[in-house]
Amino acid sequence: MIKFMPEPRLLDSPRGRDWPRPLVVPSPPTGVPLPARANALIVGAGPAGLAVASALWHLGVRDVVLVDRDGRPCHRFFDRIDRLGQRVLRSPYEHHPGVEGYRDCELLDFARMHWSLLTRDERGEIRMAQSGHRSVVPVDVFDAYCRHVAGVHGVTEQTWQATVTGIRPDRDGVVVATDRGMIDARFVVLCQGEERRQAPDGWRGGYWDEPVPAAARSIVVVGAGLSSAHIIANALTSGRHVHWVVRETEERYQCADVNASFFRPEGRAKFDAGSWADRLTLMDRHRRASVMFEFQPFLRAAEVDGRLTVHRGHPVAEAWTGAVRLANGDTVIGDHVVFALGTTPSIGTGLLPAEIVASRDGWPDLDERTLAYRADPRVFAVGAAACMVLGPAARNIDGHRVATARVAATIAARSGILAPTRLLAEAGAFV
Ligand SMILES: Cc1cc2nc3c(=O)[nH]c(=O)nc-3n(C[C@H](O)[C@H](O)[C@H](O)COP(=O)(O)OP(=O)(O)OC[C@H]3O[C@@H](n4cnc5c(N)ncnc54)[C@H](O)[C@@H]3O)c2cc1C
């Protein structure tokens, strides 16, 4: 069997190109009070919130308010990506927050429309996508596309900068408390994404989403995922020595972070058929950290020439500023330690009453069909919080679309906008 090995040059792609702007450039509402009420309030304007708001727009639900800490669609997503210096996405062209089934301009269409702005490699990847092969999407294209989706569906003007501090469903609706006032909503969709996973108490060091101090000549990176790979590549490129601590006996290289079958109906059906315990096992097996294949030749070469030292097979037992002690007793020393331990899904804890989240093994209790919290069907979750219903792909861009189809159809139906059966049948088409 021939093993296809994508080349490291595919990881490179220009950032910050001047994409053609729409005739009217939308801007977020600033300096004005938050609206007092909304039919649907979306907490978080990341790719998941963007997908939900755009789908609601297509279904005719226009009284929508998005509340986001940063106040701009997808700001945290691109901020994290840019901090890592990540230039291409791991997910392919068919994964995007645009609305499926509504003749929208999809990500691949968008990229083709801007052919003249693309590099030779980027055009080659579009040809790969067109012929059904795995392809690599430039962050710059995805960023411009998200701005396009937010612009054409009126999402930018509906996104308010505020932090949601509490959600209290009552008899008449759902009261959403923010640091800038209260909003009464009929429906609330939680699209909070994930927070970085914290190191155990007492460990000292920096995190993957923080800058590495300029004075550090050598760093110790703890973690085996794509963020680690970017931090390592950046450090090597700037002439630093890197110690890479990988708990497993070998690092894993994979195209996507989730097995591709989980993006397809048959993969989800496999997940659906399992008991709670089976689902937990699948989540555990399929959410393990991995690095895009393109990194492999570069990291292997750095290890061979001694710029990178990989410590495999031993977890970290303790970490101080500039050093970690491994479970086998070895001490690994550098000028700075970086924890890249992944992320933990936000499931509504701290915002919703605990009896509504009804957390089990760290996952909320959601209705499988509608993704509403079973204890209050006016509140929904899209994104990583929906993993125990939709499988490991729920936290990825494509998983948001599956969740969105169910949630948006349910909200539109309950808002009396279209006949429920037709809407749910439409949602069923994507399930
Ligand atoms: C570096 C990196 C690269 C990734 N690459 C890919 C990829 O290539 N493909 C892929 O499918 N996935 C990728 N992912 C996974 C990725 O996180 C998700 O696909 C995507 O960001 C999730 O979107 P989201 O809207 O659920 O979360 P986010 O993008 O995190 O958005 C959630 C938003 O909610 C806001 N928020 C949370 N709580 C509150 C509150 N209480 N009040 C107000 N606002 C709040 C946050 O500030 C944030 O703006 C990547 C993740 C990282 C970190």
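Counting convention: from 1, in listed order, for ligands and their atoms alike.
Aromatic rings of Phe339 and Trp203 (six-membered ring for Trp) have centroids within the 6.0 Å cut-off, being under it. Taking the six-membered ring for Trp and the full ring otherwise, His96 and Phe142 have centroids separated by 6.0 Å or more.
Residue contact check: His400 has heavy atoms under 4.0 Å from atoms 19 (O), 20 (C), 22 (C), 23 (O), 26 (O) of ligand 1. Taking every heavy atom of Leu84 and a limit of under 4.0 angstrom, the matching atoms of ligand 1 come to 1 (C). Numbered from 1 in the order shown, with element, the atoms of ligand 1 that lie under 4.0 Å from a heavy atom of Asp68 read 33 (C), 34 (O), 35 (C), 43 (C), 44 (N), 48 (C), 49 (O). Near Gly193, meaning under 4.0 Å from any of its heavy atoms, are these atoms of ligand 1: 26 (O), 27 (O), 30 (O), 32 (C). Within ligand 1, counting atoms from 1 as listed, the ones closer than 4.0 Å to a heavy atom of Ile397 are 9 (N), 10 (C), 11 (O), 19 (O). Taking a cut-off of under 4.0 Å to the non-hydrogen atoms of Arg395, the atoms of ligand 1 that pass are 18 (C), 19 (O). In the vicinity of Cys191, heavy-atom distances shorter than 4.0 Å reach the ligand 1 atoms 32 (C), 33 (C), 34 (O). The Asp70 neighbourhood of ligand 1 comprises atoms 47 (O), 49 (O), with distances under 4.0 Å to a heavy atom of that residue.
A donor-acceptor pair is defined here as one N or O able to donate and one able to accept, closer than 3.5 Å; such a pair exists between the side chain of Gln86 and the backbone of Val88.
The protein atom (non-hydrogen) at minimum distance from atom 31 (O) of ligand 1 is Gly46 CA, 3.4 Å. Of all protein heavy atoms, the one lying nearest to atom 41 (N) of ligand 1 is Val164 O, 3.0 Å. Scanning the protein for heavy atoms near atom 53 (C) of ligand 1, the closest one is Trp208 CH2, 3.8 Å. Regarding atom 47 (O) of ligand 1, its nearest protein heavy-atom neighbour is Arg69 NH1, 3.4 Å. Counting only heavy atoms of the protein, atom 12 (N) of ligand 1 lies nearest to Asn396 ND2, 3.8 Å. The closest protein non-hydrogen atom to atom 29 (O) of ligand 1 is Pro47 CD, 3.3 Å. The protein heavy atom nearest to atom 4 (C) of ligand 1 is Phe77 CE1, 3.8 Å.
Residues Trp363 and Met283 are in side-chain contact: their nearest non-hydrogen atoms beyond the backbone lie under 4.5 Å apart.
Selection from Glu194, Gln192, Arg196 by nearest heavy atom to atom 37 (C) of ligand 1 gives Gln192. Taking all heavy atoms of Ser91, Ala340, Ala162 into account, the minimum distance to atom 9 (N) of ligand 1 is reached by Ser91. Taking all heavy atoms of Arg90, Arg76, His230, His96 into account, the minimum distance to atom 8 (O) of ligand 1 is reached by Arg90.
The distance criterion of under 3.5 Å between nitrogen or oxygen atoms is not met by Gly44 with respect to ligand 1. Considering both main-chain and side-chain atoms, Ala48 comes within under 3.5 Å of ligand 1 through a nitrogen or oxygen pair. By the 3.5 Å distance cut-off applied to N or O atoms, Thr163 is not counted among the residues near ligand 1. In terms of N/O distances under 3.5 Å, ligand 1 is not approached by Ala45.
Not a single heavy atom of Cys74 lies less than 4.0 angstrom from ligand 1. Assignment of Ser346 to the shell around ligand 1 is not supported, since no heavy atom sits closer than 4.0 Å. Ligand 1 does not have Ser227 within reach: every non-hydrogen atom of the residue lies 4.0 Å or more from it. Residue contacts with ligand 1 do not include His95, since none of its heavy atoms lies under 4.0 Å from the ligand. At least one heavy atom of Gln86 lies less than 4.0 angstrom from ligand 1.
Looking at Thr370 and Arg414, their side chains never bring a donor and an acceptor atom within 3.5 Å of each other. Side-chain atoms of His153 and His58 include a donor-acceptor pair closer than 3.5 Å. Residues Asp121 and Thr119 have side chains that never bring a donor and an acceptor to within less than 3.5 angstrom of each other. Glu194 and Ser346 form no side-chain donor-acceptor contact under 3.5 Å, judged by distance and modelled atom types alone.
Gly342 and Trp208 get closest at one heavy-atom pair: O-NE1, 3.8 Å.
Taken to the nearest 0.5 Å, the NE2 atom of His114 stands 8.5 Å off from the NE2 atom of His148.
Under the rule for a salt bridge (charged side-chain N to carboxylate O under 4.0 Å, His left out), Arg247 has no partner lying at least two apart in sequence or in another chain. Under the salt bridge (charged side-chain N to carboxylate O under 4.0 Å, His left out) criterion, Arg180 pairs with no residue at all, not counting sequence neighbours.
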Exercise for the section: Using the side-chain contact (heavy atoms from CB on, under 4.5 Å) rule, take Phe298 and Leu236 through it: C-alpha gap first, then chi angles, then the decisive distance, then the call. Expected result: CA-CA 10 Å; Phe298 176 70; Leu236 292 173; 4.1 Å; yes
Practice task
Decide side-chain contact (heavy atoms from CB on, under 4.5 Å) for Asn39 and Ser415; before the verdict, give the C-alpha distance in whole Å, the side-chain angles of both, and the deciding distance to 0.1 Å.
Solution key: CA-CA 8 Å; Asn39 184 32; Ser415 303; 3.1 Å; yes
Problem - Residues Val164, Val67; criterion side-chain contact (heavy atoms from CB on, under 4.5 Å); working and verdict - result: CA-CA 7 Å; Val164 173; Val67 178; 3.7 Å; yes
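Relative ring orientation between His95 and Phe263 is described as tilted, the plane-to-plane angle lying within the 30° to 60° band.
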